[in-house]
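Quick caveat: nothing in here was measured; it's all calculated off a predicted structure. Counting from 1, the numbers follow the sequence of the chain as shown.
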Amino acid sequence: MYGVLVWPPPDLRAFLEGLQAHHGVRGFGPPHLNLRQPFDWPYEEEALKIALEGILRGHAPFRLRLGGWGYFPQGVVYLRAYGGTPFRRLYHALEPLAPPLKEIEGPSYLPHITLALGLSEAEAKTLAEGLPPPPRRSFWVKEVALVKDREGEDLVEVARFPLLNPRR
């Protein structure tokens with residue numbers, strides 16, 4: 001299974017991991033923002049890298065603003081993120097890459113960084129309401145990571161792709 005995502009900057013990642021340790025929770029892998037739902041790739045990994053490089057070529061770096069904490073009724077606690085038009089354009093450009101393993105986000109995807117999974121709705125609500133604000137309000141997305149979920153391991157980064165200003 002593969003994923004395309006954004007890693008938060010080191011200070012934000014440390015903040016999120018500290019909250020996870022303090023509250024005894026975790027998400028799927030290290031804190032990250034999904035740009036593409038997890039998917040299988042039936043061809044060589046090198047072909048996936050080439051396909052991603054082609055898709056990403058037309059996308060410039062953009063600022064990702066951070067909002068407040070929220071939760072989904074399925075027991076997920078998250079930090080809301082806002083990328084505006086550049087984020088939506090990139091998210092939709094990656095959709096045709098391959099069908100998702102499981103349709104969990106769909107067209108109403110809410111950009112976010114997951115803090116916790118597997119809680120009851122009440123636990124998620126209580127946790128989300130008691131969390132401190134993040135140490136920053138935004139960060140620049142300058143690169144995208146391709147990751148693979150290998151059984152028995154966390155998410156393993158396969159490649160990184162810089163977002164460059166498209167040629168005009």
Side-chain angles (χ1 to χ4, degrees), residues 1-40 61-95 97-158 160-161 163:
M1 171 180 79
Y2 288 95
V4 181
L5 52 83
V6 172
W7 298 119
D11 64 321
L12 182 57
R13 180 177 175 162
F15 169 77
L16 295 167
E17 289 175 339
L19 288 176
Q20 288 175 324
H22 178 76
H23 293 283
V25 296
R26 59 179 276 119
F28 187 77
H32 62 273
L33 173 85
N34 281 332
L35 288 173
R36 179 70 181 73
Q37 290 186 70
F39 60 95
D40 276 331
F62 60 93
R63 182 173 292 281
L64 189 74
R65 292 182 301 114
L66 300 172
W69 294 102
Y71 71 96
F72 296 124
Q74 301 83 1
V76 176
V77 177
Y78 62 86
L79 180 61
R80 181 72 159 93
Y82 301 88
T85 301
F87 174 86
R88 283 190 301 278
R89 197 172 145 258
L90 179 55
Y91 182 81
H92 291 302
L94 291 165
E95 281 182 318
L97 195 56
L101 287 176
K102 180 179 171 187
E103 186 61 57
I104 52 176
E105 294 162 353
S108 61
Y109 175 63
L110 183 90
H112 66 278
I113 300 173
T114 300
L115 181 77
L117 295 171
L119 304 176
S120 70
E121 183 176 357
E123 290 170 325
K125 181 178 190 285
T126 300
L127 179 58
E129 290 173 349
L131 292 169
R136 57 168 60 223
R137 301 301 298 163
S138 68
F139 64 91
W140 279 93
V141 174
K142 298 177 183 177
E143 61 186 6
V144 170
L146 172 64
V147 297
K148 187 172 188 174
D149 176 32
R150 296 194 176 126
E151 287 196 31
E153 297 181 42
D154 227 341
L155 296 176
V156 176
E157 186 174 304
V158 174
R160 276 196 199 191
F161 302 91
L163 297 178

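Between the side chain of Q20 and the backbone N or O of A116, no donor-acceptor pair lies under 3.5 Å. Without hydrogens or angle criteria, W69 side chain to P132 main chain gives a donor-acceptor distance under 3.5 Å.
Across F139 and P8, no two heavy atoms sit closer than the pair CZ-CA, 4.1 Å. The heavy-atom pair separating P61 from L163 by the smallest distance is CG-O, 3.3 Å. Taking both residues in full, the closest heavy atoms of F39 and V4 are given as CE2-CG2, 4.1 Å, listed atom of the first, atom of the second, then distance. The minimum heavy-atom distance between E143 and V6, with the atom names listed, is O-CG2, 4.3 Å. Counting all heavy atoms, side chain and backbone alike, G67 lies closest to L79 at O-CD1, 3.4 Å.
The line from CZ of R26 to OG1 of T114 is 12.0 Å long, rounded to the nearest 0.5 Å. Here the straight-line distance linking atom NE2 of H32 with atom CG of L16 works out to 11.5 Å at 0.5 Å rounding. Between R65 atom CZ and R80 atom CZ the span is 9.0 Å, to the nearest 0.5 Å. Put simply, CG on L155 and NZ on K148 are 12.5 Å apart, with the number rounded to the nearest 0.5 Å. Considering CG of L66 and OG of S138, their distance stands at 7.0 Å, rounded to 0.5 Å. To the nearest 0.5 Å, atom CH2 of residue W7 and atom CZ of residue R160 are 8.0 Å apart.
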**OP:** Apply the test salt bridge (Lys or Arg N to Asp or Glu O under 4.0 Å) to residues E129 and K125: give CA-CA distance (whole Å), side-chain angles for both, the deciding distance (0.1 Å), then the verdict.
**Re:** CA-CA 6 Å; E129 290 173 349; K125 181 178 190 285; 2.9 Å; yes
Original post:
Would L131 and L115 count as a side-chain contact (heavy atoms from CB on, under 4.5 Å) if you check the C-alpha gap in whole Å, the side-chain angles of each, and the deciding distance to 0.1 Å?
Top reply: CA-CA 11 Å; L131 292 169; L115 181 77; 3.6 Å; yes
**OP:** Take E121 and Y71 through the side-chain contact (heavy atoms from CB on, under 4.5 Å) test and state the conclusion after the steps.
**Re:** CA-CA 8 Å; E121 183 176 357; Y71 71 96; 3.9 Å; yes
Subject >> Pair V76-L117, side-chain contact (heavy atoms from CB on, under 4.5 Å): steps then yes or no >> reply: CA-CA 5 Å; V76 176; L117 295 171; 3.6 Å; yes
Subject >> Derivation and outcome, side-chain contact (heavy atoms from CB on, under 4.5 Å), residues V77 and V25 >> reply: CA-CA 10 Å; V77 177; V25 296; over 6 Å; no
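Side chains of Y2 and L97 form no contact here, defined as non-hydrogen atoms less than 4.5 Å apart. Within the 4.5 Å cutoff, the side chain of F87 has no heavy atoms near those of the V141 side chain.
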